[in-house]
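Read through the structure below, which is laid out as structure tokens, and then see the notes.
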Amino acid sequence: MPELPEVETIRRDLNQQIPGAEVAGVLVHHRDLLLSGWTPGRFGAAVTGSVFGPLVRRGKFLGFPLGKGDARRVMRVQLRMTGRFAIGADSPPPEAGFRHPGIDFALADGRTLYYDDVRRLGGIDLLLPSEWRQMSRNLGPEPLARSFTGKRLHTILAPLKAPIKNVLLDQRRVAGIGNIYASEALFRAGIDPRRPAGELTLDEARGLHRWVRRILRGALEARGTRLRDYQAVNGRSGRYRDKLRVYGRYGEPCPRCRRSIDRLNQAGRSTFFCPACQR
DNA sequence: CTTGTACCCTGACCGC
DNA sequence: TGCGGTCAGGGTACAA
């Protein structure tokens, strides 16, 4: 799935076009995209007739505020690996290459918001504002927030024995970092991904914190990384791929020391790193 | 509480 | 051209 920079890019794109639009009807192509027990009938009835507010994001979750007053809800979307959005007048724009319709939201102005998800690992549900806040409390800090400091990161890591890479991927510790940017940040910070998180010194945590933020900001500026499935709204793609130092570069020379980039499996996913530069 | 593993699902790609 | 194996920006349920 898209990580924080990709999800934020999608949020900003949608935010140009969605707030103020009223939902005229919902077509659910795959009921397994509805989470938390929502059925197409109940979901469609709950959403139809409400108007979207400005979109929000927390970690990798997108929130579409809907309705007013006591009827306020937040439509929560998890894109996971292959979720995408497009907006079109009658069908998804051809450049978006949507071949796996998931849920279509017909808007009262004649446009349609399309959610497409090849693997259907993503999903959508409807929360009360209080439930959205509860979810938010269960997530770690936003890494780009001012309140997220190197010291704070060190405090989070201190009691943990799990490998630092696994901790960066754990959304309860820090929200929004995924497999690409975890590898990239650890490489830039010169930290071995297998090190127990609690072993990092304050200085190392500060260095990692700095690189996490730098990398996420850089990726955000580039509108994300496009590898396989991710695309921003209507197919507009990200350019950060060219800036990746180690991710996906197994066997290539390390950009710093020229030694071959290694790969290992952590928490069921690939970690790319330089065994010489990362200690 | 923490940590690791299996699993959800489809498609792209590689070697034979 | 076909086939099997592997891998994929994620998160959750469950076991230890």
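All chains are named by letter (A, B, ...) in the order of the sequence lines, taking the proteins before the strands, and each is independently numbered beginning at 1.
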Whole angstrom value for the distance that separates C1' of C:dT12 from CZ of A:Arg76: 12 Å
Rounded to whole Å, OH of A:Tyr250 lies from P of C:dC7 at a distance of 11 Å
Using the heavy-atom set of chain A and a strict 4.0 Å cut-off, write down the first and last nucleotide of DNA chain B that makes it in, 5' to 3'. B:dT2 to B:dG11
By the 4.0 Å heavy-atom rule, please label A:Arg263 as base, sugar-phosphate, or nothing. sugar-phosphate
Looking only at the side chains, is there a donor atom on one of A:Tyr250 and A:Ser260 sitting less than 3.5 Å from an acceptor on the other? no
Strictly under 3.5 Å: I want the nitrogen or oxygen pairs between protein and nucleotides 3-6 of chain C, one per line.
none

Rounded to whole angstroms, how far apart are CG on A:Leu139 and C1' on C:dT12? 13 Å
A:Arg31 CZ: over 12 foreign heavy atoms closer than 6.0 Å: no
Give a yes or no on whether a salt bridge exists between A:Arg223 and A:Asp13, defined as a side-chain N under 4.0 angstrom from a carboxylate O. yes
Just do the side chain to side chain donor-acceptor pair (under 3.5 Å) check on A:Thr82 and A:Arg119 with the steps written out, would you? CA-CA 6 Å; A:Thr82 53; A:Arg119 291 169 68 185; 5.4 Å; no
A:Met135 CE to C:dG11 C1', straight-line distance once rounded to whole Å: 13 Å
Identity of whatever pairs with B:dC9 - Watson-Crick or G-U, under 3.5 angstrom: none
4.5 Å side-chain heavy-atom contact, A:Met75 and A:Phe105: yes
Rounding to the closest angstrom, what is the interatomic distance between B:dC9 and C:dC3 at atom P? 23 Å
Compare side-chain N and O positions of A:Ser270 against OP1 and OP2 of C:dC7 and report whether any pair is under 4.0 Å apart. no
Hey, is the side chain of A:Gln78 poking within less than 4.0 Å of OP1 or OP2 on C:dG11, counting only N and O atoms? no
Could you tell me whether A:Phe85 and A:Phe64 have their ring centroids closer than 6.0 angstrom? yes
So does A:Arg279 pair up with A:Asp192, basic N to acidic O under 4.0 Å? no
For a quick check of understanding: with a heavy-atom distance under 4.0 Å over all strands, which category does A:Leu160 fall into, base, sugar-phosphate or nothing? sugar-phosphate
Return the value, rounded to whole Å, for the distance between atom CG of A:Asn179 and atom P of C:dA8. 7 Å
Without decimals, in angstroms, what is the distance between A:Arg249 CZ and C:dA8 P? 16 Å
Apply side chain to side chain donor-acceptor pair (under 3.5 Å) to residues A:Thr225 and A:Arg241 and explain how you reach the verdict. CA-CA 5 Å; A:Thr225 300; A:Arg241 183 180 188 166; over 6 Å; no
Does a donor on one side chain sit under 3.5 Å from an acceptor on the other, for A:Glu6 and A:Tyr181? yes
By the 4.0 Å heavy-atom rule, please label A:Asp32 as base, sugar-phosphate, or nothing. nothing
Can you check the A:Leu121 CG to C:dC7 P distance for me, whole Å? 17 Å
Distance in angstrom units between A:Arg226 CZ and C:dA8 C1', rounded: 14 Å
Is there a side chain to side chain donor-acceptor pair (under 3.5 Å) between A:His100 and A:Asp117 once you walk through the steps? CA-CA 6 Å; A:His100 303 278; A:Asp117 194 339; over 6 Å; no
Assign each of A:Gly268 and A:Arg173 the nucleotide of DNA chain B bearing its closest heavy atom; nearer the 5' end lies the nucleotide of A:Arg173
